[in-house]
Amino acid sequence: MADPAATDPSAAATAQLAPDSLPAVAPEVARAVDAGDTLATVDLGSNSFHLLVARLDGGTLQVIDRHKEMVRLGEGLTSDKHLREDVAERALACLERMGQRLKDMPPKRVRAVGTNTLRQIRPEAHFVERAELALGHPIEVIAGREEARLIYLGVSHGLAIGDEKRLVIDIGGGSTEVIVGQGFQPTLRESLHMGCVSMARRFFGNDKITAKQMDKAELYGALEVRPVRELFRQSGWATATGSSGTIKSIAAVVMAEGWSEDGITAESLGRLRAAILDAGKASALDFKGLSERRRPVFAGGVAVLRALFSSLAIEHMRVSDQALREGLIYEMVGRLEHEDVRERTVATFSRRFDVDQAHAARVKETALHLLAQLREPWQLSHPDYAPMLGWAAELHEIGLAVSHSHYQKHGAYLIGNADLSGFTRQEQQVLAALILGHRRKLPIDAFLQLPSSVRYCARRLCVILRLAVLLRRGRSPDGIPEPDLGADGDTLLLRFPDGWLDQHPLTRLELEEEAARLLAGSFGLEFG
């Protein structure tokens with residue numbers, strides 16, 4: 001398929017829009033950002049890359065900049081999960097342009113996330129590292145259900161507040177997120193492995209669009225929905241809302257052609273399908289409201305939406321201008337106000353797996369005390385490190401719900417594979433590695449599998465967690481002396497009050513054994 005963005009970057013970029021407003025945020029959250037402070041999000045989708053810049057003005061998030069380029073990252077994904085170099089270069093050039101807009105913004109006020117295609121690209125392709133250099137900011141790859149949560153957060157802020165349950169659908173380039181929620185809280189989330197780009201490649205890649213191809217595409221879509229069809233049908237949703245460029249384009253076409261007066265109806269989708277078949281080719285689609293850049297993937301998006309309408313018995317769908325990037329903005333405002341969904345997620349998992357929360361809190365207190373002493377000598381001053389260490393301490397015994405034998409392995413598996421709301425995939429990998437390494441042998445391989453940007457700090461945080469767990473191994477609620485902790489390179493210097501270790505020979509023995517384990521991991525431990 002020809003792509004104008006490959007030869008003319010200006011053709012791919014949307015014109016920057018005049019400032020507009022996102023709905024007001026709650027007053028208690030609005031305090032998080034001072035008037036005039038700017039936040040930015042970057043959404044690296046399988047079809048398009050989006051940049052959104054906003055600031056808080058009188059309790060309302062004011063959009064001051066939008067930028068979109070149809071990169072079609074998904075069409076460059078090879079069968080062995082690498083990225084074709086021409087598509088990679090196209091994406092990197094886009095990110096460099098976005099990076100120019102973000103170069104003067106503090107890192108804590110910029111959040112960039114990657115979705116379906118970035119979830120699939122093999123780590124050894126090193127595309128994410130190249131993308132981060134081009135953008136000038138870290139890029140988080142988020143899981144499908146986390147993407148769904150953030151989409152619902154964005155869409156729900158743009159809807160009138162009500163008690164009804166809402167169905168929200170977002171069709172991306174490589175995945176489709178389906179969510180049911182009430183108010184601002186999603187109650188049911190799924191990410192389906194189909195999108196406008198992947199569907200177009202699979203069924204309409206030869207530019208031809210026949211009834212047989214469309215039937216196959218819609219049947220494939222129905223099969224993807226089938227495992228969760230009854231779950232969503234019986235969830236009690238009252239209204240359906242669609243987000244994403246695909247759904248907005250479909251709505252624009254059916255309304256411009258006079259097939260629907262408001263949003264998308266099941267009847268208008270049927271008329272659109274017939275018109276697409278009459279055209280016979282993706283390149284021949286010439287509907288009012290359809291941009292030339294969306295033409296190659298339009299039939300794929302229509303097939304996905306038709307499958308969803310049929311499977312979920314949707315008769316009418318309204319359209320939201322807000323989606324993932326707006327959800328990221330609201331999430332950032334919440335985190336700045338210390339209303340972090342990750343805190344709730346950790347607390348929920350602690351309760352679900354019957355963690356000894358009093359003991360976990362004591363381990364967390366000791367770990368953070370040790371971290372405070374090593375922030376400078378071990379270069380652990382980044383604001384993300386303390387929360388991550390605290391969460392690892394709160395969840396370090398979660399594997400006991402499976403078995404006491406090798407419970408650190410069970411805990412790492414649970415955390416590494418669960419749907420943890422608010423956490424990126426990288427954060428889950430780090431958290432799992434910390435839990436795996438909190439006792440017994442230091443798992444060097446687990447840390448080598450982490451992205452290079454976090455290996456160094458994660459290993460050191462793990463050593464701190466190990467010491468905190470060891471010092472609290474007696475599980476007594478009574479206080480323990482707060483040892484002085486210093487570092488000489490990778491050698492730790494642990495000092496207790498005079499005579500304390502003589503009165504606690506078991507702790508001395510455990511420290512001797514720990515010193516031997518750490519030495520095998522290239523760390524030293526001296527104590528006295």
Side-chain angles (χ1 to χ4, degrees), residues 340-372 374 384-423 426-447 449-450 457-480 482-483 485 494 504 506-507 509-511 513-515 517-518 521 523 525:
D340 195 332
V341 67
R342 293 173 296 181
E343 296 282 359
R344 295 199 301 270
T345 298
V346 170
T348 298
F349 263 67
S350 294
R351 292 192 299 269
R352 181 182 301 172
F353 291 96
D354 200 24
V355 169
D356 183 343
Q357 295 184 46
H359 174 66
R362 292 191 290 268
V363 172
K364 177 180 178 179
E365 179 185 10
T366 300
L368 294 180
H369 171 73
L370 298 177
L371 173 63
L374 290 177
D384 289 346
Y385 294 164
M388 187 62 69
L389 179 62
W391 294 326
E394 290 182 64
L395 296 174
H396 76 281
E397 289 189 334
I398 195 172
L400 288 172
V402 179
S403 170
H404 186 276
S405 178
H406 304 295
Y407 74 84
Q408 75 277 13
K409 296 181 181 180
H410 304 312
Y413 179 85
L414 289 171
I415 294 302
N417 292 277
D419 287 313
L420 298 184
S421 293
F423 286 88
Q426 178 177 299
E427 288 171 338
Q428 283 190 235
Q429 290 175 337
V430 171
L431 195 56
L434 294 178
I435 291 172
L436 178 63
H438 86 267
R439 67 192 290 262
R440 304 300 175 100
K441 179 182 177 182
L442 193 65
I444 301 301
D445 288 345
F447 292 100
Q449 292 172 13
L450 296 176
C457 62
R459 288 176 66 243
R460 291 188 161 186
L461 289 176
C462 186
V463 172
I464 294 172
L465 178 61
R466 292 174 67 93
L467 288 178
V469 171
L470 186 154
L471 292 173
R472 288 290 187 177
R473 188 172 178 183
R475 309 185 79 89
S476 171
D478 298 332
I480 62 170
E482 296 183 346
L485 182 61
L494 190 61
H504 298 82
L506 185 58
T507 300
L509 177 60
E510 290 172 339
L511 286 169
E513 293 176 346
E514 179 65 8
R517 293 191 184 103
L518 291 179
F523 287 97
L525 174 61

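Position 1 is the first residue of the sequence; numbering continues from there.
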- Please round to the nearest 0.5 Å and tell me the distance separating atom CD1 of Ile398 and atom CZ of Arg352. 8.5 Å

- Task: Rounded to the nearest 0.5 Å, what's the gap from CG on Leu374 to NE2 on His369? Could you check?
- Result: 10.0 Å

- Message: Could you measure the distance from the CD atom of Glu510 to the CG atom of Leu471? Nearest 0.5 Å is fine.
- Response: 9.0 Å

- Query: Could you state the interatomic distance from CG (Leu494) to CG (Leu467), rounded to the nearest 0.5 Å?
  - Reply: 6.5 Å

- Query: Leu370 and Pro483: which non-hydrogen atoms are nearest, and at how many Å?
  - Reply: CD2-CG, 4.4 Å

- Identify the two heavy atoms, one from Val430 and one from Ala458, that lie closest to each other, and give their separation to 0.1 Å. CG1-CB, 4.3 Å

- Message: I want to check something: taking the side chain as every heavy atom from C-beta on, are Val469 and Arg439 in contact at a cut-off of under 4.5 Å?
- Response: no

- Drop me the distance from Glu394's CD to Ile435's CD1, to the nearest 0.5 angstrom. 10.5 Å

- Query: Under 6.0 Å between ring centres, would you say that holds for His410 and Tyr413?
  - Reply: no

- Whether Arg344 side chain and Ser421 backbone form a donor-acceptor pair below 3.5 Å: no

- Query: Between Ile480 and Arg472, is a side chain to side chain contact (heavy atoms under 4.5 Å, CB included) present by the stated rule, with each step listed?
  - Reply: CA-CA 8 Å; Ile480 62 170; Arg472 288 290 187 177; 4.0 Å; yes

- Message: side chain to side chain contact (heavy atoms under 4.5 Å, CB included), that's the test. Do Ile464 and Arg460 meet it? Break it down for me.
- Response: CA-CA 6 Å; Ile464 294 172; Arg460 291 188 161 186; 5.6 Å; no

- Shortest non-hydrogen contact from Leu470 to Leu511? CD2-CD2, 3.7 Å

- Item | Steps toward side chain to side chain contact (heavy atoms under 4.5 Å, CB included) verdict (Leu414, Phe349) | CA-CA 10 Å; Leu414 289 171; Phe349 263 67; 5.8 Å; no

- Message: Nearest 0.5 Å, please: how far is CG in Leu368 from CG in Leu465?
- Response: 10.0 Å

- Just say parallel, tilted or perpendicular for the rings of His396 and His359, cut-offs at 30° and 60°. tilted

- Task: Identify the two heavy atoms, one from Ser350 and one from Leu395, that lie closest to each other, and give their separation to 0.1 Å.
- Result: OG-CD2, 3.6 Å

- Query: With no hydrogens and no angle check, is any side-chain donor or acceptor of Arg466 less than 3.5 Å from a backbone partner on Arg440?
  - Reply: yes

- Message: Does atom CG (Asp354) have a neighbourhood of more than 12 heavy atoms from anything else shown, all under 6.0 Å?
- Response: no

- So which heavy atom on Asn417 is nearest to which on Gln428, and how close? N-NE2, 4.4 Å

- Query: Going through the checks in order, is the side chain to side chain contact (heavy atoms under 4.5 Å, CB included) test met by Val363 and Glu397?
  - Reply: CA-CA 11 Å; Val363 172; Glu397 289 189 334; over 6 Å; no

- Kindly indicate whether the side chain of Thr345, heavy atoms from C-beta on, has any atom under 4.5 Å from the side chain of Asp340. no

- Mutual orientation of the aromatic rings belonging to Phe423 and Trp391 [parallel < 30°, tilted 30-60°, perpendicular > 60°]: perpendicular

- Distance-minimising heavy-atom pair for Gly437 and Cys462: O-SG, 3.2 Å

